[in-house]
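In what follows, a single structure is set out as C-alpha coordinates and then discussed.
Labels below follow one simple rule: chain letters A, B, ... track the order of the sequence lines, proteins then strands, and each chain is numbered from 1.
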2 protein chains.
Amino acid sequence: MSTAIDIPSLLRGHGFRLTPQRLTVAELVLSKPAHVTARKVYQTLKEDHPALSLNTVYLTLGQFEKSGLLNRFEINGNAVFDSNTMPHNHACCSCCGVIIDLPVHQMEQQAPSLLNQWQIQTEHRIWVGLCPNCMDEDRAGKMNKSGVGSI
Amino acid sequence: MSTAIDIPSLLRGHGFRLTPQRLTVAELVLSKPAHVTARKVYQTLKEDHPALSLNTVYLTLGQFEKSGLLNRFEINGNAVFDSNTMPHNHACCSCCGVIIDLPVHQMEQQAPSLLNQWQIQTEHRIWVGLCPNCMDEDRAGKMNKSGVGSI
DNA sequence: TTCTTATATAGTAAATATTACTAATAGTTG
DNA sequence: CAACTATTAGTAATATTTACTATATAAGAA
(Lines give C-alpha, C1' and ligand atoms only; values in the text may rest on other atoms or scores of the structure.)
Protein backbone atom coordinates (compact mmCIF):
# COMPACT_ATOMS: atom_id res chain seq x y z
CA MET A 1 0.00 0.00 0.00
CA SER A 2 3.01 2.24 -0.12
CA THR A 3 6.27 2.54 -1.97
CA ALA A 4 8.18 2.91 1.29
CA ILE A 5 11.46 1.03 1.40
CA ASP A 6 11.38 -2.19 3.40
CA ILE A 7 14.37 -1.48 5.60
CA PRO A 8 14.59 -4.93 7.23
CA SER A 9 14.59 -6.66 3.85
CA LEU A 10 17.12 -4.19 2.51
CA LEU A 11 19.47 -4.81 5.42
CA ARG A 12 19.05 -8.59 5.30
CA GLY A 13 19.69 -8.51 1.58
CA HIS A 14 23.06 -6.98 2.32
CA GLY A 15 23.90 -9.54 4.97
CA PHE A 16 23.25 -7.35 8.00
CA ARG A 17 21.74 -8.52 11.25
CA LEU A 18 18.66 -6.63 12.30
CA THR A 19 19.66 -4.86 15.46
CA PRO A 20 17.63 -2.00 16.91
CA GLN A 21 20.52 0.43 16.46
CA ARG A 22 21.09 -0.50 12.87
CA LEU A 23 17.40 -0.39 12.08
CA THR A 24 17.07 3.03 13.65
CA VAL A 25 19.99 4.49 11.73
CA ALA A 26 18.84 2.87 8.51
CA GLU A 27 15.32 4.23 8.92
CA LEU A 28 16.77 7.73 9.23
CA VAL A 29 19.28 7.66 6.42
CA LEU A 30 18.06 5.05 3.93
CA SER A 31 14.29 5.50 3.84
CA LYS A 32 14.38 8.94 2.25
CA PRO A 33 16.80 11.36 0.57
CA ALA A 34 19.32 12.42 3.19
CA HIS A 35 22.67 14.19 3.55
CA VAL A 36 23.92 13.50 7.05
CA THR A 37 27.06 13.49 9.15
CA ALA A 38 27.67 10.88 11.82
CA ARG A 39 27.21 13.50 14.51
CA LYS A 40 23.93 14.68 13.06
CA VAL A 41 22.57 11.14 13.01
CA TYR A 42 23.64 10.62 16.61
CA GLN A 43 22.16 13.89 17.82
CA THR A 44 18.93 13.23 15.98
CA LEU A 45 18.45 9.74 17.38
CA LYS A 46 19.99 9.70 20.83
CA GLU A 47 17.02 11.19 22.63
CA ASP A 48 14.56 8.55 21.50
CA HIS A 49 17.20 5.82 21.37
CA PRO A 50 19.51 5.99 24.38
CA ALA A 51 20.92 2.58 23.44
CA LEU A 52 22.87 4.10 20.59
CA SER A 53 26.43 5.32 20.70
CA LEU A 54 28.19 7.71 18.37
CA ASN A 55 30.65 4.90 17.87
CA THR A 56 27.98 2.68 16.44
CA VAL A 57 26.77 5.45 14.17
CA TYR A 58 30.23 5.82 12.64
CA LEU A 59 30.50 2.07 12.24
CA THR A 60 27.04 1.67 10.78
CA LEU A 61 27.39 4.50 8.28
CA GLY A 62 30.73 3.06 7.22
CA GLN A 63 29.15 -0.35 6.74
CA PHE A 64 26.33 1.11 4.70
CA GLU A 65 28.87 2.90 2.54
CA LYS A 66 30.87 -0.27 1.95
CA SER A 67 27.67 -2.04 0.96
CA GLY A 68 26.81 0.66 -1.53
CA LEU A 69 23.76 1.83 0.40
CA LEU A 70 25.31 5.25 1.00
CA ASN A 71 27.73 7.49 -0.82
CA ARG A 72 30.30 9.45 1.11
CA PHE A 73 31.84 12.80 0.30
CA GLU A 74 33.62 15.58 2.14
CA ILE A 75 32.44 19.09 2.72
CA ASN A 76 34.02 21.63 5.03
CA GLY A 77 36.10 18.95 6.66
CA ASN A 78 33.21 16.66 7.50
CA ALA A 79 32.29 13.30 6.08
CA VAL A 80 28.80 13.55 4.63
CA PHE A 81 26.78 10.43 3.82
CA ASP A 82 24.29 10.63 0.99
CA SER A 83 21.41 8.21 0.47
CA ASN A 84 21.39 9.10 -3.21
CA THR A 85 23.87 6.63 -4.68
CA MET A 86 23.25 7.59 -8.29
CA PRO A 87 25.80 9.91 -9.95
CA HIS A 88 24.97 13.51 -9.11
CA ASN A 89 26.51 16.74 -7.86
CA HIS A 90 25.91 19.00 -4.90
CA ALA A 91 25.41 22.55 -3.85
CA CYS A 92 26.03 23.58 -0.26
CA CYS A 93 24.88 26.77 1.42
CA SER A 94 27.74 28.49 3.20
CA CYS A 95 25.26 30.05 5.62
CA CYS A 96 22.84 27.34 6.75
CA GLY A 97 24.74 24.33 5.49
CA VAL A 98 21.89 22.83 3.47
CA ILE A 99 23.01 20.46 0.74
CA ILE A 100 21.00 19.89 -2.41
CA ASP A 101 21.41 17.36 -5.18
CA LEU A 102 22.08 18.51 -8.70
CA PRO A 103 21.86 16.54 -11.94
CA VAL A 104 24.99 15.71 -13.90
CA HIS A 105 23.45 15.70 -17.34
CA GLN A 106 23.43 19.35 -18.28
CA MET A 107 25.53 20.31 -21.27
CA GLU A 108 26.35 23.67 -19.83
CA GLN A 109 29.70 24.42 -18.30
CA GLN A 110 27.95 26.86 -15.98
CA ALA A 111 26.06 26.01 -12.85
CA PRO A 112 22.83 24.10 -13.51
CA SER A 113 19.54 25.96 -13.60
CA LEU A 114 18.59 24.74 -10.16
CA LEU A 115 21.16 27.25 -8.91
CA ASN A 116 19.49 30.21 -10.58
CA GLN A 117 18.29 31.38 -7.20
CA TRP A 118 21.61 30.84 -5.48
CA GLN A 119 24.43 33.31 -5.04
CA ILE A 120 27.36 31.04 -5.85
CA GLN A 121 30.64 31.89 -4.17
CA THR A 122 32.89 29.06 -5.26
CA GLU A 123 32.69 26.03 -7.46
CA HIS A 124 34.93 23.02 -7.25
CA ARG A 125 35.19 19.94 -9.37
CA ILE A 126 37.39 17.04 -8.44
CA TRP A 127 38.18 13.71 -10.00
CA VAL A 128 39.60 10.91 -7.89
CA GLY A 129 41.31 7.90 -9.41
CA LEU A 130 44.63 6.34 -10.24
CA CYS A 131 47.27 8.55 -11.82
CA PRO A 132 49.43 7.12 -14.65
CA ASN A 133 52.34 6.40 -12.31
CA CYS A 134 50.26 4.41 -9.87
CA MET A 135 48.52 2.55 -12.68
CA ASP A 136 51.95 1.41 -13.85
CA GLU A 137 52.95 0.36 -10.35
CA ASP A 138 49.62 -1.38 -10.00
CA ARG A 139 50.25 -3.39 -13.16
CA ALA A 140 53.72 -4.23 -11.89
CA GLY A 141 52.21 -5.50 -8.66
CA LYS A 142 54.07 -2.94 -6.60
CA MET A 143 51.13 -0.79 -5.64
CA ASN A 144 51.76 0.88 -2.33
CA LYS A 145 49.12 1.29 0.31
CA SER A 146 50.02 4.77 1.37
CA GLY A 147 46.73 6.11 0.12
CA VAL A 148 45.63 9.66 -0.25
CA GLY A 149 46.75 10.49 3.25
CA SER A 150 50.18 11.18 1.95
CA ILE A 151 49.25 14.47 0.36
CA MET B 1 67.52 38.17 -14.18
CA SER B 2 64.72 35.80 -13.38
CA THR B 3 60.97 35.78 -13.19
CA ALA B 4 61.06 34.37 -9.67
CA ILE B 5 58.52 35.89 -7.32
CA ASP B 6 59.90 38.44 -4.89
CA ILE B 7 58.50 36.92 -1.71
CA PRO B 8 59.44 39.78 0.64
CA SER B 9 57.78 42.35 -1.62
CA LEU B 10 54.74 40.14 -2.02
CA LEU B 11 54.34 39.77 1.73
CA ARG B 12 54.95 43.46 2.43
CA GLY B 13 52.43 44.33 -0.24
CA HIS B 14 49.84 42.39 1.72
CA GLY B 15 50.73 44.08 4.98
CA PHE B 16 52.70 41.22 6.48
CA ARG B 17 55.79 41.62 8.61
CA LEU B 18 58.81 39.75 7.35
CA THR B 19 59.51 37.12 9.95
CA PRO B 20 61.77 34.13 9.30
CA GLN B 21 58.89 31.70 9.82
CA ARG B 22 56.57 33.51 7.45
CA LEU B 23 59.29 33.90 4.82
CA THR B 24 60.11 30.23 5.01
CA VAL B 25 56.52 29.11 4.61
CA ALA B 26 55.93 31.62 1.84
CA GLU B 27 59.00 30.48 -0.04
CA LEU B 28 57.67 26.93 0.03
CA VAL B 29 54.06 27.54 -0.88
CA LEU B 30 53.98 30.81 -2.84
CA SER B 31 57.09 30.71 -5.02
CA LYS B 32 55.91 27.83 -7.17
CA PRO B 33 52.78 25.76 -7.90
CA ALA B 34 51.96 23.84 -4.74
CA HIS B 35 49.19 21.79 -3.15
CA VAL B 36 50.03 21.41 0.50
CA THR B 37 48.51 20.62 3.86
CA ALA B 38 49.60 22.37 7.03
CA ARG B 39 51.19 19.17 8.26
CA LYS B 40 53.10 18.68 5.05
CA VAL B 41 54.51 22.19 5.24
CA TYR B 42 55.55 21.64 8.83
CA GLN B 43 57.20 18.30 8.14
CA THR B 44 59.01 19.69 5.13
CA LEU B 45 60.41 22.68 6.96
CA LYS B 46 60.92 21.68 10.56
CA GLU B 47 64.29 20.02 10.06
CA ASP B 48 65.97 23.05 8.58
CA HIS B 49 63.87 25.50 10.59
CA PRO B 50 63.49 24.33 14.19
CA ALA B 51 62.06 27.73 15.09
CA LEU B 52 58.78 26.89 13.39
CA SER B 53 55.73 25.40 15.03
CA LEU B 54 52.83 23.58 13.45
CA ASN B 55 50.68 26.21 15.08
CA THR B 56 52.38 28.94 13.11
CA VAL B 57 52.00 26.99 9.90
CA TYR B 58 48.24 26.76 10.41
CA LEU B 59 48.08 30.46 11.22
CA THR B 60 50.27 31.50 8.34
CA LEU B 61 48.44 29.43 5.75
CA GLY B 62 45.16 30.82 7.04
CA GLN B 63 46.51 34.36 6.75
CA PHE B 64 47.69 33.72 3.22
CA GLU B 65 44.26 32.37 2.34
CA LYS B 66 42.51 35.42 3.78
CA SER B 67 44.83 37.64 1.77
CA GLY B 68 44.03 35.79 -1.41
CA LEU B 69 47.53 34.40 -1.80
CA LEU B 70 46.28 30.82 -1.41
CA ASN B 71 43.10 28.96 -2.18
CA ARG B 72 41.80 26.35 0.19
CA PHE B 73 39.82 23.22 -0.54
CA GLU B 74 39.08 19.91 1.12
CA ILE B 75 40.14 16.50 0.03
CA ASN B 76 39.84 13.30 2.02
CA GLY B 77 39.13 15.27 5.15
CA ASN B 78 42.20 17.49 4.92
CA ALA B 79 42.47 21.16 4.21
CA VAL B 80 44.63 21.60 1.13
CA PHE B 81 46.15 24.97 0.24
CA ASP B 82 46.73 25.75 -3.39
CA SER B 83 49.07 28.45 -4.67
CA ASN B 84 47.09 28.59 -7.90
CA THR B 85 44.39 31.14 -7.10
CA MET B 86 42.92 31.22 -10.58
CA PRO B 87 39.70 29.25 -11.18
CA HIS B 88 40.57 25.63 -11.92
CA ASN B 89 39.70 22.08 -10.95
CA HIS B 90 41.62 19.16 -9.51
CA ALA B 91 42.34 15.51 -9.89
CA CYS B 92 43.67 13.51 -6.96
CA CYS B 93 45.29 10.10 -7.11
CA SER B 94 43.72 7.72 -4.61
CA CYS B 95 46.98 5.80 -4.43
CA CYS B 96 49.83 8.29 -4.08
CA GLY B 97 47.77 11.38 -3.25
CA VAL B 98 49.21 13.58 -5.97
CA ILE B 99 46.97 16.50 -6.93
CA ILE B 100 47.04 18.06 -10.38
CA ASP B 101 45.38 21.19 -11.69
CA LEU B 102 42.84 20.98 -14.48
CA PRO B 103 41.45 23.76 -16.63
CA VAL B 104 37.82 24.82 -16.32
CA HIS B 105 37.28 25.93 -19.90
CA GLN B 106 36.48 22.70 -21.66
CA MET B 107 33.02 22.43 -23.15
CA GLU B 108 32.87 18.72 -22.49
CA GLN B 109 30.80 17.28 -19.71
CA GLN B 110 33.33 14.47 -19.44
CA ALA B 111 36.65 14.60 -17.69
CA PRO B 112 39.19 16.86 -19.41
CA SER B 113 41.74 15.34 -21.75
CA LEU B 114 44.49 15.69 -19.17
CA LEU B 115 42.83 12.73 -17.49
CA ASN B 116 43.13 10.46 -20.52
CA GLN B 117 45.88 8.55 -18.78
CA TRP B 118 44.04 8.32 -15.47
CA GLN B 119 41.70 5.62 -14.28
CA ILE B 120 38.98 7.74 -12.74
CA GLN B 121 37.06 6.20 -9.86
CA THR B 122 34.80 9.02 -8.76
CA GLU B 123 34.01 12.54 -9.80
CA HIS B 124 32.49 15.19 -7.64
CA ARG B 125 31.36 18.67 -8.41
CA ILE B 126 30.22 21.07 -5.75
CA TRP B 127 29.00 24.62 -5.69
CA VAL B 128 29.17 26.64 -2.49
CA GLY B 129 27.19 29.81 -1.97
CA LEU B 130 24.09 31.29 -0.44
CA CYS B 131 20.83 29.40 -0.87
CA PRO B 132 17.63 31.38 -1.59
CA ASN B 133 16.50 31.22 2.04
CA CYS B 134 19.73 32.61 3.39
CA MET B 135 19.84 35.30 0.71
CA ASP B 136 16.43 36.45 1.93
CA GLU B 137 17.55 36.44 5.53
CA ASP B 138 20.69 38.28 4.51
CA ARG B 139 18.64 41.01 2.83
CA ALA B 140 16.48 41.25 5.92
CA GLY B 141 19.56 41.69 8.05
CA LYS B 142 18.87 38.52 10.00
CA MET B 143 21.69 36.43 8.63
CA ASN B 144 22.75 33.88 11.19
CA LYS B 145 26.32 32.96 11.83
CA SER B 146 25.80 29.24 12.22
CA GLY B 147 27.81 28.53 9.13
CA VAL B 148 28.22 25.32 7.29
CA GLY B 149 29.07 23.48 10.45
CA SER B 150 25.40 22.95 11.06
CA ILE B 151 25.07 20.29 8.42
C1' DT C 1 12.27 -23.53 22.74
C1' DT C 2 17.02 -23.82 24.01
C1' DC C 3 21.74 -23.74 22.67
C1' DT C 4 25.59 -22.10 20.03
C1' DT C 5 28.28 -18.91 17.77
C1' DA C 6 29.67 -15.17 15.32
C1' DT C 7 28.27 -10.48 14.95
C1' DA C 8 27.21 -6.10 17.01
C1' DT C 9 27.52 -2.86 20.59
C1' DA C 10 28.87 0.53 24.31
C1' DG C 11 32.42 2.23 26.60
C1' DT C 12 36.91 3.69 26.72
C1' DA C 13 40.92 5.27 24.82
C1' DA C 14 43.76 6.83 21.14
C1' DA C 15 45.01 9.21 16.85
C1' DT C 16 44.55 13.11 14.03
C1' DA C 17 43.35 17.77 12.64
C1' DT C 18 42.45 22.26 13.94
C1' DT C 19 41.62 26.23 16.86
C1' DA C 20 42.06 29.12 21.15
C1' DC C 21 44.77 31.33 24.50
C1' DT C 22 48.81 33.57 26.49
C1' DA C 23 53.18 35.16 27.71
C1' DA C 24 57.33 36.12 25.52
C1' DT C 25 59.63 37.56 21.36
C1' DA C 26 60.91 40.32 17.65
C1' DG C 27 59.79 43.33 13.31
C1' DT C 28 58.96 47.98 12.19
C1' DT C 29 58.63 52.76 12.55
C1' DG C 30 59.96 57.04 14.34
C1' DC D 1 67.56 53.24 20.45
C1' DA D 2 62.68 53.19 22.18
C1' DA D 3 58.00 52.10 21.72
C1' DC D 4 54.41 49.88 19.68
C1' DT D 5 52.25 46.01 17.91
C1' DA D 6 52.29 41.87 15.21
C1' DT D 7 54.02 37.41 15.63
C1' DT D 8 55.30 33.17 17.64
C1' DA D 9 55.93 28.83 20.53
C1' DG D 10 53.96 26.35 23.81
C1' DT D 11 50.14 24.56 25.87
C1' DA D 12 45.63 23.24 26.04
C1' DA D 13 41.14 22.59 24.19
C1' DT D 14 37.91 21.01 20.73
C1' DA D 15 36.28 18.02 17.18
C1' DT D 16 36.31 14.12 14.19
C1' DT D 17 37.31 9.54 13.52
C1' DT D 18 39.32 5.06 14.47
C1' DA D 19 40.95 1.16 17.51
C1' DC D 20 40.24 -2.07 21.15
C1' DT D 21 37.71 -5.07 24.26
C1' DA D 22 34.44 -7.23 27.15
C1' DT D 23 29.67 -7.86 27.00
C1' DA D 24 25.24 -8.43 24.80
C1' DT D 25 22.44 -10.24 21.27
C1' DA D 26 20.52 -11.80 16.62
C1' DA D 27 20.16 -15.86 13.82
C1' DG D 28 20.35 -20.42 12.84
C1' DA D 29 20.83 -25.27 14.58
C1' DA D 30 19.41 -28.85 17.65
Side-chain angles (χ1 to χ4, degrees), chain A residues 7-26 36-43 45-47 49-67 69-70 72-81 97 145-151, chain B residues 7-26 36-43 45-47 49-67 69-70 72-81 97 145-151:
Chain A
I7 295 289
S9 299
L10 180 66
L11 294 183
R12 273 204 208 89
H14 284 264
F16 289 116
R17 286 189 182 175
L18 302 188
T19 69
Q21 292 92 337
R22 188 173 281 147
L23 285 165
T24 301
V25 173
V36 295
T37 62
R39 183 158 298 277
K40 184 68 173 289
V41 170
Y42 178 65
Q43 289 174 339
L45 297 176
K46 68 178 176 184
E47 189 174 344
H49 303 271
L52 174 70
S53 71
L54 178 57
N55 213 340
T56 297
V57 173
Y58 274 111
L59 191 61
T60 304
L61 294 178
Q63 290 169 333
F64 288 173
E65 187 208 358
K66 260 189 227 163
S67 301
L69 295 170
L70 290 176
R72 176 189 179 136
F73 63 99
E74 307 271 349
I75 193 166
N76 286 85
N78 286 96
V80 177
F81 292 88
K145 298 296 177 192
S146 66
V148 178
S150 60
I151 55 176
Chain B
I7 295 289
S9 299
L10 181 66
L11 294 183
R12 274 205 206 89
H14 284 265
F16 290 116
R17 286 189 182 175
L18 303 186
T19 69
Q21 292 90 338
R22 187 173 283 146
L23 284 166
T24 301
V25 173
V36 295
T37 62
R39 185 159 297 276
K40 184 68 173 290
V41 169
Y42 179 65
Q43 290 174 341
L45 297 177
K46 69 178 174 182
E47 190 174 344
H49 303 270
L52 175 69
S53 71
L54 178 56
N55 213 340
T56 297
V57 174
Y58 273 111
L59 190 62
T60 304
L61 293 178
Q63 289 170 333
F64 288 173
E65 187 208 358
K66 259 189 229 163
S67 301
L69 295 170
L70 290 176
R72 177 189 178 136
F73 63 99
E74 307 271 348
I75 194 166
N76 286 85
N78 286 96
V80 177
F81 293 87
K145 297 297 178 192
S146 66
V148 179
S150 59
I151 54 177

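The CG atom of B:L18 lies 4.5 Å from the CZ atom of B:R12; values are rounded to the nearest 0.5 Å. With values rounded to the nearest 0.5 angstrom, A:T37 atom OG1 is found 7.5 Å from A:Y58 atom OH. Atoms NZ and NE2, on B:K66 and B:H14 in that order, are 14.5 Å from each other to the nearest 0.5 Å. Rounding to the nearest 0.5 Å places CG of B:L10 at 10.5 Å from CG of B:L23. Taking OG1 of B:T24 as the start and CD1 of B:I7 as the end, the distance is 10.5 Å to the nearest 0.5 Å.
Where B:L54 and A:G15 meet DNA chain C, the nucleotide closest to each residue was compared, and A:G15 sits on the side nearer the 5' end.
What separates CG of A:L23 from P of C:dA8 is a distance of 12 Å, to the nearest Å. Between the NZ atom of B:K40 and the P atom of C:dT18 there is a distance of 14 Å, rounded to whole Å. Rounded to whole Å, the distance from CD1 on A:I75 to P on D:dT16 is 15 Å. For the pair A:N78 CG and D:dT18 P, the interatomic distance rounds to 12 Å; values are reported in whole Å. Rounded to a whole Å, the CZ atom of B:R22 is 15 Å from the P atom of C:dA26. The CD atom of A:Q63 sits 11 Å away from the C1' atom of C:dT9 (whole-angstrom rounding). Atoms CZ (B:F64) and P (D:dT7) sit 10 Å apart, rounded to a whole Å. Here C:dT9 presents its P atom at 19 Å from NZ of A:K46, a figure rounded to the nearest Å.
The side chain of B:P20 approaches C:dG27 more closely than any other nucleotide in the set C:dG27, D:dT17, C:dT18.
The backbone N or O of B:T56 lies less than 3.5 Å from a partner atom in the side chain of B:T60, making a donor-acceptor pair. Side-chain atoms of A:R22 come within 3.5 Å of backbone atoms of A:R17 as a donor-acceptor pair (strictly under, hydrogens ignored).
Every ring pair (Phe, Tyr, Trp, His ring centres under 6.0 Å) that A:F73 has, sequence neighbours left out, goes to A:H90, B:H124.
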So which protein N/O to nucleotides 13-15 of chain C N/O distances come out below 3.5 Å?
none

N/O contacts under 3.5 Å, protein versus nucleotides 27-30 of chain D?
from, atom 1, to, atom 2, distance (Å)
D:dA27, OP1, A:L18, N, 3.0

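Between A:Y58 and D:dT18 there is no side-chain N or O to OP1 or OP2 distance below 4.0 Å. Within the 4.0 Å cut-off from OP1 or OP2 of C:dA26, not a single side-chain nitrogen or oxygen of B:Q21 is found.
Counting heavy atoms from C-beta outward, A:F81 and A:L69 have side chains that stay 4.5 Å or more apart.
Counting non-hydrogen atoms under 4.0 angstrom, B:A38 reaches nothing in the nucleic acid. Among the atoms of the strands shown, base atoms are found under 4.0 Å from some heavy atom of A:L59.
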